[in-house]
Amino acid sequence: MVARIVEVEAYRGSDDPASHAFRGRTPRNAPMFGEPGHAYVYFTYGNHYLLNITTQKAGTPGAVLIRGVQPTEGIEMMRRLRPHVPDSELTNGPGKLTKALGVDKALNGLDMTRKGALFVVDRNESRFEIWRSTRIGIGEAGLNHLWRFYIRNNPYVSRHKPVRELKFS
DNA sequence: TCGAAGATTCTA
DNA sequence: AGAATCTTCGAA
């Protein structure tokens with residue numbers, strides 16, 4: 001399976017009350033304090049795995065939450081992992097896409113910069129426009145920052161109304 | 001050890 | 001708008 005990342009959110013550390021790393025290191029958020037480019041997968045609301053990719057050098061917490069992806073190869077498998085769902089709803093949310101891609105805690109801590117069960121490559125695309133907005137599903141904690149980034153109007157961006165949005169690049 | 005909250009999703 | 005569902009964390 002291959003999918004294109006179309007929506008992400010940034011999370012930091014002690015300066016970001018919405019982040020799991022806000023109060024320091026715990027067993028769950030340990031990957032956020034590790035090497036960059038690694039998976040941070042956690043379970044929430046009794047149902048969903050959410051996938052992050054760490055971003056900062058070891059010792060400095062930081063990660064990017066993957067909130068939406070666009071299927072490009074192997075969509076049949078994604079349909080099997082998320083049955084009775086129209087294609088447009090397959091991967092347009094952080095909990096939906098992990099289910100459709102078979103991501104769970106077994107991948108927590110994986111180096112995603114090297115070819116393996118789950119990894120990221122740069123396709124060097126340029127023909128799209130990035131917008132930014134407030135993050136989704138957090139309290140007032142992080143509304144000061146526009147730390148959600150997405151390809152506007154892409155159908156696989158999760159459907160939420162951000163408090164504020166503007167063009168980024 | 002216990003209670004509360006949660007980077008969500010689905011249904012009514 | 002509200003329930004489902006269970007792990008994680010911090011306080012007691």
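Labels below follow one simple rule: chain letters A, B, ... track the order of the sequence lines, proteins then strands, and each chain is numbered from 1.
Using a 4.0 Å heavy-atom cutoff across all strands shown, A/I138 reaches sugar-phosphate atoms only and no base atom. A/K105 comes within contact range of the sugar-phosphate backbone alone, with a heavy-atom separation under 4.0 Å but no base atom that close.
Atom CD of A/E140 has 12 or fewer heavy atoms from other residues, nucleotides or ligands within 6.0 Å. No more than 12 heavy atoms of other residues, nucleotides or ligands lie within 6.0 Å of CZ in A/R12, so this atom counts as exposed by the packing criterion.
Applying the side chain to side chain donor-acceptor pair (under 3.5 Å) test to every pair with at least one member in residues 40-60 of chain A, sequence neighbours left out, gives these pairs: A/H20-A/Y40. Screening residues 24-49 of chain A for salt bridge (Lys or Arg N to Asp or Glu O under 4.0 Å), with sequence neighbours left out, gives no hits. Counting only residues at least two apart or on different chains, the side chain to side chain donor-acceptor pair (under 3.5 Å) pairs with a member in residues 72-83 of chain A are A/R79-A/D87.
Not a single ring pair (Phe, Tyr, Trp, His ring centres under 6.0 Å) links A/W131 to another residue, sequence neighbours left out. Residues satisfying the side chain to side chain donor-acceptor pair (under 3.5 Å) criterion with A/T113, sequence neighbours excluded, are A/D111. A/P86 pairs by the side chain to side chain contact (heavy atoms under 4.5 Å, CB included) definition with A/S88, A/E89, not counting sequence neighbours. When the ring pair (Phe, Tyr, Trp, His ring centres under 6.0 Å) test is applied to A/F33, no partner is found at least two apart in sequence or on another chain.
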- [ ] Test A/L81 against A/M1 for side-chain contact (heavy atoms from CB on, under 4.5 Å), laying out the working first.
- [x] CA-CA 12 Å; A/L81 292 168; A/M1 292 182 278; 4.1 Å; yes
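At least one side-chain heavy atom of A/S19 sits less than 4.5 Å from a side-chain heavy atom of A/M32.
Of all nucleotides in DNA chain B having an atom under 4.0 Å from a heavy atom of chain A, the first and last in 5' to 3' order are B/dG6 to B/dC10.
Both key distances under 3.5 Å define a Watson-Crick or G-U pair, and stretches of 3 or more such consecutive pairs in DNA chain C run B:1-6 with C:6-11, B:8-11 with C:1-4.
Interface residues of residues 158-169 of chain A facing DNA chain B, ordered by number: none; criterion, heavy-atom separation under 4.0 Å. Within residues 33-46 of chain A, the residues that place at least one heavy atom under 4.0 Å from DNA chain C are, in residue-number order, A/F43, A/Y45, A/G46. Of all the residues in residues 20-32 of chain A, A/H20, A/M32 reach under 4.0 Å from DNA chain B with at least one non-hydrogen atom.
Annotation: cation-pi geometry not satisfied between A/R4 and A/Y156 (NZ/CZ under 6.0 angstrom from ring centroid, within 45° of ring axis).
Residues A/R164 and A/T134 have side chains that never bring a donor and an acceptor to within less than 3.5 angstrom of each other.
Atom CG of A/L101 is separated from atom CG of A/L107 by 10.0 Å, given to the nearest 0.5 angstrom. Between atom CG of residue A/N92 and atom CG of residue A/N154 there is a gap of 10.0 Å, rounded to the nearest 0.5 Å.
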